[in-house]
Amino acid sequence: ELQNKKINCLLMSASINYVDVPYKYLEDMLSIDAKYLIVDRTYFNFEYRNRISIEHVPESIYKAVYPITLLNFDEFTKKIGRKYQPIFNMPAADSLPLLEGNMARIVPCLGWLLKHN
């Protein structure tokens, strides 16, 4: 139904990492051809692949465990770049600790304001 509407701006905030098929979701959003796209609070994997992990929500917020897809940064930006050009990027205050065996690292949370080509 959105295909028949003129959409000025789409907002994807802290959502794409949590859907079952993130790149299908992204393609659906890009097919709307909104004038602007805001991608905010999105986590990325800077290795050569996407990564599926488990997110444990701190009990101080509420007790929960979710699957999360850390999207390959290059693949994500390449797909967006076919239709949108960045106006500016915005590092978010959020970050995600990623534990791998005895190793730990911080996964940054990023965002952009983009304009349709």
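Numbers here are sequence positions counted from 1.
Hydrophobic cluster membership is shared by I32 and L37, with clusters built from Ile, Leu, Val, Met, Phe, Trp and Tyr side chains linked at under 4.5 angstrom. Hydrophobic clustering (ILVMFWY, side-chain heavy atoms < 4.5 Å, transitive): I80 and M29 are in one cluster. Under the 4.5 Å side-chain heavy-atom criterion for grouping Ile, Leu, Val, Met, Phe, Trp and Tyr, V39 is connected to L26 within one hydrophobic cluster.
Between atom OH of residue Y23 and atom CG of residue L71 there is a gap of 4.5 Å, rounded to the nearest 0.5 Å. Atom CD of residue Q85 and atom CD1 of residue I87 lie 10.0 Å apart, to the nearest 0.5 angstrom.
Nearest heavy atom pair, residue L70 against residue S53, reads CD1-OG, 4.0 Å. The two residues P97 and I106 have their closest heavy-atom pair at CA-CD1, 4.0 Å.
The salt bridge (Lys or Arg N to Asp or Glu O under 4.0 Å) search around E100 returns R51, R105, not counting sequence neighbours. Under the side-chain hydrogen bond (donor to acceptor under 3.5 Å, both in side chains) criterion, Y62 pairs with Y66, sequence neighbours left out. Taking the side-chain contact (heavy atoms from CB on, under 4.5 Å) definition, one finds that P86 meets it with W112, L114, sequence neighbours left out. In this view, H116 and Y84 satisfy the ring-ring contact (aromatic ring centres under 6.0 Å, His included) rule, not counting sequence neighbours. Residues satisfying the salt bridge (Lys or Arg N to Asp or Glu O under 4.0 Å) test with D33, not counting sequence neighbours, are K83. When the salt bridge (Lys or Arg N to Asp or Glu O under 4.0 Å) test is applied to K24, the partners found at least two apart in sequence or on another chain are D28. Shown here are the ring-ring contact (aromatic ring centres under 6.0 Å, His included) partners of F46, two or more places apart in sequence or in another chain: F73. Qualifying salt bridge (Lys or Arg N to Asp or Glu O under 4.0 Å) partners for R82, counting only residues two or more places apart in sequence or in other chains: E27. Checked against side-chain hydrogen bond (donor to acceptor under 3.5 Å, both in side chains), S95 has no partners two or more places apart in sequence or in another chain.
Sequence neighbours left out, the pairs with a member in residues 34-43 that pass salt bridge (charged side-chain N to carboxylate O under 4.0 Å, His left out) are R41-D94.
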| task | Please step through side chain to side chain contact (heavy atoms under 4.5 Å, CB included) for the pair N45 and R49, ending with a clear verdict. | result | CA-CA 7 Å; N45 187 24; R49 60 191 162 99; 4.1 Å; yes

| query | Could you go step by step and tell me if N50 and N72 meet the side chain to side chain contact (heavy atoms under 4.5 Å, CB included) rule? | reply | CA-CA 5 Å; N50 298 307; N72 174 269; 3.5 Å; yes

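Grouped with V65 in one hydrophobic cluster are I54, the linkage being side-chain heavy-atom contacts under 4.5 Å among Ile, Leu, Val, Met, Phe, Trp and Tyr residues.
For N117, the CG atom counts as densely surrounded, since its 6.0 Å shell holds more than 12 non-hydrogen atoms of other residues, nucleotides or ligands.
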Table please: side-chain donor-acceptor pairs of residues 7-19 below 3.5 Å, with sequence neighbours left out.
from: S15; atom 1: OG; to: Y25; atom 2: OH; distance (Å): 3.4
from: N17; atom 1: OD1; to: Y43; atom 2: N; distance (Å): 3.0
from: N17; atom 1: ND2; to: Y43; atom 2: O; distance (Å): 3.0
from: N17; atom 1: ND2; to: T69; atom 2: O; distance (Å): 2.7
from: Y18; atom 1: OH; to: E55; atom 2: OE1; distance (Å): 2.4

